[in-house]
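Working notes, structure below.
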Amino acid sequence: MKITDAKVFVGGPGKNYVTLKIYTDAGVYGLGDATLNNRETLPAKYLEDYLIPVLVGRDPRNSEDIWQFFYRGAYFRRGPIAMAAFGAIDTALWDIKAKLAGMPLYQLFGGKSRSGAMVYAHATGADLDTLVESIAAHVEQGYKAVRVQCGIPGMPVSSYGVADKREDSKHYITDFGGIQPKIEIWDTERYLRYMPDALTAVREHFGPDLKLLHDVHHRLLPREAAQFAKTVEPIGLYWLEDPTPAEDQSALRYLRQHSTVPVAIGEVFNSVWDCKQLIEEELIDFIRVAVTYAGGITQVKRIVDLAGLHHVRTGFHGAPSHSPISMAAQAHLNVWAPNFGIQEYLVLGTPECDALFPSDHTLENGMFLVSDEPGLGVDFDEKQAQRYQYAAGSHPVVRLQDGTLWNY
Ligand code: GCO
Ligand code: MG
């Protein structure tokens, strides 16, 4: 059996999805997602110029060897661009394998450990009242868990995860005005003074059962993060995400020694090596990698297994940037993983998105229910894809009030 061709498509409704389709001489094809948010053309080019020409002619069933061939073969290892490209190939090969087996992908991992995966959505408000409204709307729809982000009084420009308007809440991460980034202003002192009270007010309003998550988006220094974690401990957060920039992983020991707040990290990681210290030293409670950025199913499954040895549960990244293809791959991992925790999931389900990526995965009462179709259970309509093209976008860049660059 041979791979006969592979094509990359960039574009989508309100997103630059990078979709890989691998064709075989057995008539079966596989799909992968290489959507590296706001740098989408780079994994696409890596695939087209360096990987696809070498992929054609290989046996698609040898997904492990193909993964190793590209990873080791690049010599300059890791990095989000390469790992997104390898990951798309890997996901497509698992899709092919499961289609050949005539089974939904989760069966190849070991079957179902649960009926569905609990997800969390993003609630956001420019102020506390709007945030409470946004959370209430999610609770109404059946969500058991929400991430809560709120504007901070006196902060000159809105902060991470805060949509200016309620309708913007699904698309606030990328600004499609071009590649020139908008500037956000950050003020740690205001954040530390305001956010614990805001989170307390949310907890009091919604009671003890709703799972509340909060994302610091790498903005605090280790000591500040420890102080914040200690202060919010009585609120009973489900997790505190990215309290510090995680390049300095030892810094997490500080937080750990001062607080029992569950910590979730890893959305910017792209290999098992990035996760190793945090997992082995048990400095985190949830690992946040994504199939899209972390080398596909082969690599992420290895991370899940390592995490399981250290009581670390999964909480895969699922910002709206990922396409329904990698969200499907994660859904199969979620339903299998013995150490599953929660899945971030923002409903992409516009009619346009559903037409481009038809599938019968469903969301019911805050639970993601995986499709039983052979493979990933998601398709890609090439005709629909012709309606879309790449649109330049950017993440904001963050400065302190005196102009100093900070972490987005
Ligand atoms: C999250 C993330 C995202 C990232 C985005 C960057 O927890 O969902 O922090 O919102 O900012 O994926 O492209
Ligand atoms: Mg995050």
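Ligands are counted one by one from 1 in listed order, and the atoms in each one are counted from 1 as well. The analysis underlying the following values was restricted to heavy atoms, covering all of them including side chains, and did not include hydrogens, waters or symmetry mates.
Which parts of ligand 1 touch H395 is read off a 4.0 Å heavy-atom cut-off, strictly below it: atoms 6 (C), 13 (O). Under a 4.0 Å criterion applied to the non-hydrogen atoms of R288, ligand 1 contributes the atoms 1 (C), 7 (O). Atoms of ligand 1 lying under 4.0 Å from any heavy atom of R147, numbered from 1 in the order shown and given with element: 1 (C), 7 (O), 8 (O). The contact set between ligand 1 and H122, taken as ligand atoms under 4.0 Å from a residue heavy atom, comprises 8 (O). Residue A319 approaches ligand 1 through these ligand atoms, each under 4.0 Å from one of its heavy atoms: 3 (C), 8 (O), 12 (O).
With sequence neighbours left out, the ring-ring contact (aromatic ring centres under 6.0 Å, His included) criterion links W94 to F109. Applying the side-chain contact (heavy atoms from CB on, under 4.5 Å) test to A246 and every residue at least two apart in sequence or in another chain returns I265, F269. Qualifying ring-ring contact (aromatic ring centres under 6.0 Å, His included) partners for Y143, counting only residues two or more places apart in sequence or in other chains: H138.
Considering each of Y120, Y160, Y408, the one bringing a non-hydrogen atom nearest atom 10 (O) of ligand 1 is Y160.
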Open item on the list: Could you walk me through whether Y191 and W186 satisfy the ring pair (Phe, Tyr, Trp, His ring centres under 6.0 Å) test, starting with their C-alpha distance in whole Å, then the side-chain angles of each, then the deciding distance to 0.1 Å, before giving a yes or no?
Closed with: CA-CA 8 Å; Y191 173 82; W186 175 252; 5.0 Å; yes
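For the pair R256 (side chain) and E282 (backbone), a donor-acceptor distance under 3.5 Å is present.
Taking the six-membered ring wherever Trp is involved, the centroid distance between the rings of Y120 and Y345 does not fall below 6.0 Å.
Under the 6.0 Å distance and 45° angle rule, R58 counts as a cation-pi partner of F69.
Closer than 2.8 Å to the Mg ion (ligand 2) sit the protein N, O or S atoms D215 OD2, E241 OE2, E267 OE1.
The closest side-chain heavy-atom distance from E40 to N37 is below 4.5 Å.
Q386 and E382 are not linked by any side-chain donor-acceptor pair at a separation below 3.5 angstrom, with hydrogens and angles left out of the test.
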